[in-house]
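See structure below.
Proteins get letters first, then strands, A, B, ... in listed order; numbering begins at 1 in each.
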Amino acid sequence: MGFLTQRRDRQLAAMQAAGRTVGRSLWQDALRRFRSNKAAMGSVFVLAFISLMAIFAPMLSPHTLEDFYWEYILVPPTLENGHWFGTDANGRDMFVRTFYGARVSLTIGVMTTAVALLIGVTWGSVAGYFGGRIDNIMMRIVDVLYALPLLFFIIILVTVFGRNIYLVFIGIGAVEWLTMSRIVRGQTLSVKQKEYVEAARAIGLSNLVIVRRHVVPNIIGPVIVFVTLLIPTTILVESYLSFLGLGVQEPMTSWGTLISQGAASIDTGPWLLVIPGTFLAITLFCFNFIGDGLRDALDPEGR
Amino acid sequence: MLSFISRRLAIAVPTLLVVIAGSFFLMRAAPGGPFDADAQLEPEVIENLRAAYDLDKPVMEQFLLYMARLLRGDFGPSITYTDYTVTELLAIGLPVSVKLGLTATAVALLFGCLMGIFAALYRNRWIDYVTMSIAMTGFAVPAFVVAPVLTLVFGLYLKLLPISGWNDGALQNMVLPVIALALPQIAILSRLTRGSMLEVMRQNYIRTARAKGLPEYKVVAGHALKAVSLPLVSYLGPAIAGIMTGSVIIEQIFGLPGMGRYFIQGALSRDYPLVMGTVVVYATAIILLNLLADVIYGYLDPRVRRE
Amino acid sequence: MATGSVEKRARVAPAAEPATVLECRDLNVHFDTPDGRIAAVNGISFDLKRGRCLGIVGESGSGKSQTFLGILGLLASNGHAVGSVKLHGEEILNVPRRRLDAIRGEKLAIVFQDSITGLTPHKRIGEQLSEVLTEHRGLGRTAARAKVLEMLELVRIPEAEKRFRMYPHEFSGGMRQRVMVAQALLCQPDVLIADEPTTALDVTVQAQILKLFKGLADHTNTALVMITHDLGVVAGLCDEVMVMYAGRVVEHAAVDELFYAPRHPYTRGLLACMPRADRDSEALTAIPGQPPDLAALPAGCAFAPRCPYAFERCEAERPTLSLAAPGHARACHLEALP
C-alpha cells in the first residue's frame with residue numbers, strides 16, 4: 001500500500017502539526033478499532049472477572065487461606081463438599097488459595113511493571129531527547145546490562161537478603177526496564193526528527209512544551225502496548241522465583257508457589273498444578289491478546 | 001570486520017568483570033554466612049572453617065585473592081560439597097547443561113523459524129492461525145507448568161519416557177526436558193520471524209526482485225531471508241539467556257545434574273565459591289554468545305561492519 | 001543496444017506507424033482497505049508503440065504508478081487490477097505467477113523511483129544484476145558477469161569491475177539509479193517503465209540520468225514509459241503524454257500538442273507551474289487547493305473543486321475522455337479553454 005501509506009503519513013503529520021484536536025480523534029479511532037477486536041475485548045472481560053474474583057473470592061468464601069480440613073485431604077475438585085477446586089495435601093481449600101494467589105501474582109505484576117515503567121521511561125526519554133554523548137553513554141550502559149544474566153542476580157539477591165516480597169518487586173522491576181528504555185528512546189528520537197517538532201522548535205516553543213505536546217502523546221502508544229506485554233512477563237518471573245522457592249513464602253501464596261506445590265504432587269493431585277497453571281496461562285493469554293489488540297489499534301499500518 | 005570484533009571484545013571484558021565483582025560483593029554484603037545453619041558446630045570450629053575459606057579476611061582482600069585464583073582457572077573449594085572443588089563440580093554440571101541448552105536452542109531455532117516463515121507466507125490462512133495459536137500457548141504456559149504436565153502424560157500415564165534423571169544424556173531422557181525448555185523460545189521466535197518476514201516482504205527491494213521476474217521462492221530465499229534473520233540474530237542473546245535461566249528450573253524439575261542445580265543449591269546454602277563459579281561460567285557463556293550474535297549480525301548486514 | 005539492430009529512430013516524420021507492443025484497455029485498479037474500497041485507477045486505455053516514449057504525468061496519488069504496478073502484477077496484497085492488458089496481442093493481466101515471471105524483467109522491465117530501498121541492501125550489486133540473466137537467459141556465472149559488466153559500462157558506471165562486488169549502500173544516489181537502469185535493460189525488454197526515476201536525485205544527476213534515457217529512447221526499439229510529476233522531464237523525451245488526475249486520464253495528446261495547446265484546465269495549471277527560460281518567473285503559479293482524497297471523490301469532475309473554470313455541470317456530471325482534435329483527447333465539459 002505504498003501510496004496510501006505515504007498519504008496517511010503526510011496527513012498524520014499535517015494533523016499533528018495542526019494541533020491536538022485531531023489527536024483526540026486518533027485516539028477515538030484507536031478505541032473503535034480496539035473495540036472491534038473480539039479476542040482483545042474478550043480478554044478484557046476475562047481479566048476483569050479474574051481481578052474481581054481475586055479481590056472478592058477470598059473475602060466471601062467460608063474458607064480461609066489457613067483453614068486445615070483434616071477430613072478432606074487431597075480431595076479432587078467437586079461441587080459436593082464446598083471445595084470447588086479440591087483441597088491440597090494439607091487439606092486447605094484450593095478455591096480460596098487460587099484466588100488469593102491471583103491477588104498476589106497480579107499485584108506483583110502491576111507493581112513491578114510500574115517500577116520498570118518509571119525507570120525505563122525516564123532513562124529512555126532523557127537519552128533520546130538529549131541525544132549525542134548523553135544518549136551514547138546511557139545506551140551503552142543499557143547494552144552492558146542487557147548482556148548480563150540478570151535473573152541470576154535476582155536469585156542471588158533474594159537468597160542472600162532473605163525472601164522478601166518487596167525485594168522481588170524491586171529486583172524484577174530493576175531488570176525489566178531495559179527494553180522499555182530502548183523503546184522510549186527510539187520513539188523519542190524519531191519523534192524529535194519529525195517535521196512538526198522541528199516546526200514547533202522553529203516557532204520557539206520551549207523544550208518542556210515540546211515534550212508535553214508532541215513527544216509524550218507520541219510515545220504513549222508504544223509504551224501502553226509494552227506495559228500490557230510487560231505485566232505478564234513480570235508475573236511469569238515472579239512465578240519462576242516462587243517455583244524455585246525464592247519468591248512468595250508461606251503462609252502467603254501466589255500462582256508460582258501453588259504451581260510449585262502442585263508440581264511436587266503431580267501424581268497424587270494433578271489438579272493442584274492444573275488449576276493455578278490454567279489461571280496463570282489464561283491471564284498471560286489475556287494480557288497478550290490485549291497487548292496485540294492495542295498495538296493493532298494504535299498502529300493500524302503496522303501488522 | 002576484525003576491528004568490529006575487537007571493539008565488541010573491549011566491551012565484553014569489563015562486562016564480565018562487573019558481573020564477577022557485582023555478585024561477589026552482593027553476597028558478602030549480606031548478613032550471615034555459610035555456616036549459620038550448622039548450629040551444633042563449636043564457635044572455634046566455625047572460626048577455623050572461616051579461615052580455611054579466607055572468610056576471615058577483609059572483603060577487598062578476599063576479592064583480590066579470588067580474582068588471582070580465577071585467573072589461574074581455579075574456582076576454589078566448595079563449602080557444601082566438602083570433597084569436591086568447584087572446578088570438579090562444574091566439570092560434572094557444565095556438559096549436562098551445555099548439551100541440554102544447545103539441543104533446546106537448535107530445536108527452538110528450527111521450529112520457531114519455520115513456523116514463523118510459513119505463518120507469514122500464508123498470512124491470515126489456517127496455517128497462520130494454527131502456528132500462532134501454538135506460539136501463543138507456548139508463551140502463555142510457562143515451562144514449569146509444561147514440564148510437570150509432560151511428565152504426567154508421557155511418563156506416568158503413557159509410560160513412554162522416563163520422568164527424571166540424566167542417564168548420560170540418553171535420547172529418551174532428553175526429550176521431555178528439551179521440549180519444555182524449547183517451547184517458550186519457539187513461541188517467541190515464531191512470532192518474531194513472522195513479524196520480521198511480513199515487514200521485509202513489504203520492502204521495496206522485494207518488489208524489485210519480483211519485477212525482475214524471479215519466482216517467489218527465489219525472492220524469499222535470495223532477497224528476504226537475510227533481512228528476516230537480522231532481528232532473530234539480535235534476539236539470539238536474550239534467547240540464550242532465556243534458555244539458561246529456563247534450564248535452571250528444568251534441571252530442578254527433571255532432576256538433571258546440571259549447572260542450574262549447583263547454582264540454586266549453592267545460593268540456598270551460601271556456598272560462595274560454588275555460586276561464584278556457576279555465575280562466572282553463566283556470564284562468560286552469555287557474553288561470548290552475545291558476541292557471537294553480534295559477529296553474525298555484522299556478517300549478515302554489510303552496513304553494520306563499516307560504522 | 002549492443003546488438004546489430006540499432007536504428008536511429010526518425011522523430012519527425014514516421015514513414016509507417018510502428019507496431020503496437022503494449023495494449024491497455026479499460027484498466028481499473030482498486031484497493032480493499034478496512035475503511036472500504038478505494039479506486040486508485042479508473043478506465044485507463046492506451047497503446048504503446050515500438051520504440052516510442054509515453055509520458056504519464058500527475059501528482060502523487062493520481063494513480064500513475066499504480067497503473068503500471070497493476071499491469072506488472074506488483075500491487076500490494078489488497079490491490080486488484082481489472083481490465084485487459086495485451087503484450088504483443090497476448091493477455092498478461094492477472095495471468096498465473098509462472099507466466100508473469102517469464103514476462104517481468106524479460107519483456108517488461110521497470111525502474112523504480114527509490115534506489116536506496118529498491119535494491120536489496122545485503123546483496124552485492126553484481127549478484128543482483130546477474131540473477132536477471134541467469135533467470136531469464138539461463139546464463140552461467142561468468143557469461144552473466146561479462147554481460148552485466150558490459151551493461152554497467154553502457155550506463156556509464158566507472159570501474160564496473162570493482163563496483164560489481166560492492167553493496168548498494170556503497171553507491172551514490174545517481175550511481176544506484178544507473179544500476180537500477182542497467183538491471184532493467186539487461187534482457188533488452190520490449191517495454192521499459194521508468195517510475196519517477198529522477199525524483200530522488202540532485203538536479204545535475206537528474207540531467208545525467210535523463211540523458212541516459214534519452215539515449216536509450218533514440219537508439220533502441222524499447223518502448224519507454226516515463227512516469228513523472230514533472231512536465232519538464234516529459235518535454236525533452238516523450239512522443240505522447242497522458243495527464244492523470246485522481247485515478248483518471250484527463251488529457252492525452254502528442255507532446256507538442258499538449259504543450260502548445262493544452263485542452264484541460266489541470267494541464268494548463270501544471271504548465272503554469274513549470275519554470276521556463278522564456279517566461280517571467282513572476283508568472284509562475286501554483287494550482288490552488290489540495291490533491292483529492294481518493295476515498296471521498298466528488299460526484300462530478302474530480303478537478304472541479306480546484307478548477308478556475310468550473311460551472312454547475314462540472315459538479316453534477318463527470319466528463320468522459322473524448323477527442324477534441326485529431327489525436328488529442330481530454331475529459332472536460334468545456335469546448336475550449338477560455
- d(B:Y205 OH, C:H122 NE2) to nearest 0.5 Å is 4.5 Å

- Query: Hey, does B:K226 have a side-chain heavy atom less than 4.5 Å from the side chain of C:P121?
  - Reply: no

- Query: Is B:Y235 atom OH crowded by more than 12 heavy atoms from other residues, nucleotides or ligands, each under 6.0 Å away?
  - Reply: yes

- Query: Taking everything shown except C:R97 itself, do over 12 heavy atoms lie less than 6.0 Å from its CZ?
  - Reply: yes

- Task: Answer yes or no: is there a side-chain heavy-atom contact under 4.5 Å between B:E216 and C:R98?
- Result: no

- Item | Under 3.5 Å: donor-acceptor pair, side chain of B:R207, backbone of C:G118 | no

- Which bit of C:L74 comes within less than 4.5 Å of chain B, counting heavy atoms only: side chain, backbone, both or neither? both

- Report, as yes or no, whether the 6.0 Å neighbourhood of atom CZ on C:R137 holds more than 12 heavy atoms from other residues, nucleotides or ligands. yes

- Message: Give me the atom names and distance for the closest heavy-atom approach of C:E135 to B:P215.
- Response: OE2-CD, 3.3 Å

- Query: Considering only heavy atoms, which portion of C:L186 lies under 4.5 Å from any heavy atom of chain B: side chain, backbone, both, or neither?
  - Reply: neither

- Report, as yes or no, whether the 6.0 Å neighbourhood of atom CZ on C:F171 holds more than 12 heavy atoms from other residues, nucleotides or ligands. yes

- Passing option when B:K212 is tested against C:Q183, C:H136, C:E106 for side-chain contact (heavy atoms from CB on, under 4.5 Å): C:Q183

- Lys/Arg N to Asp/Glu carboxylate O, C:E131 vs B:K218, below 4.0 Å: no

- Message: What part of B:V200 gets within 4.5 angstrom of chain C, counting heavy atoms only: side chain, backbone, both, or neither?
- Response: neither

- Query: For C:E59, what residues pass the salt bridge (Lys or Arg N to Asp or Glu O under 4.0 Å) criterion, not counting sequence neighbours?
  - Reply: C:R306

- Worked check of side chain to side chain contact (heavy atoms under 4.5 Å, CB included) between C:F112 and B:N204: CA-CA 9 Å; C:F112 289 111; B:N204 283 344; over 6 Å; no

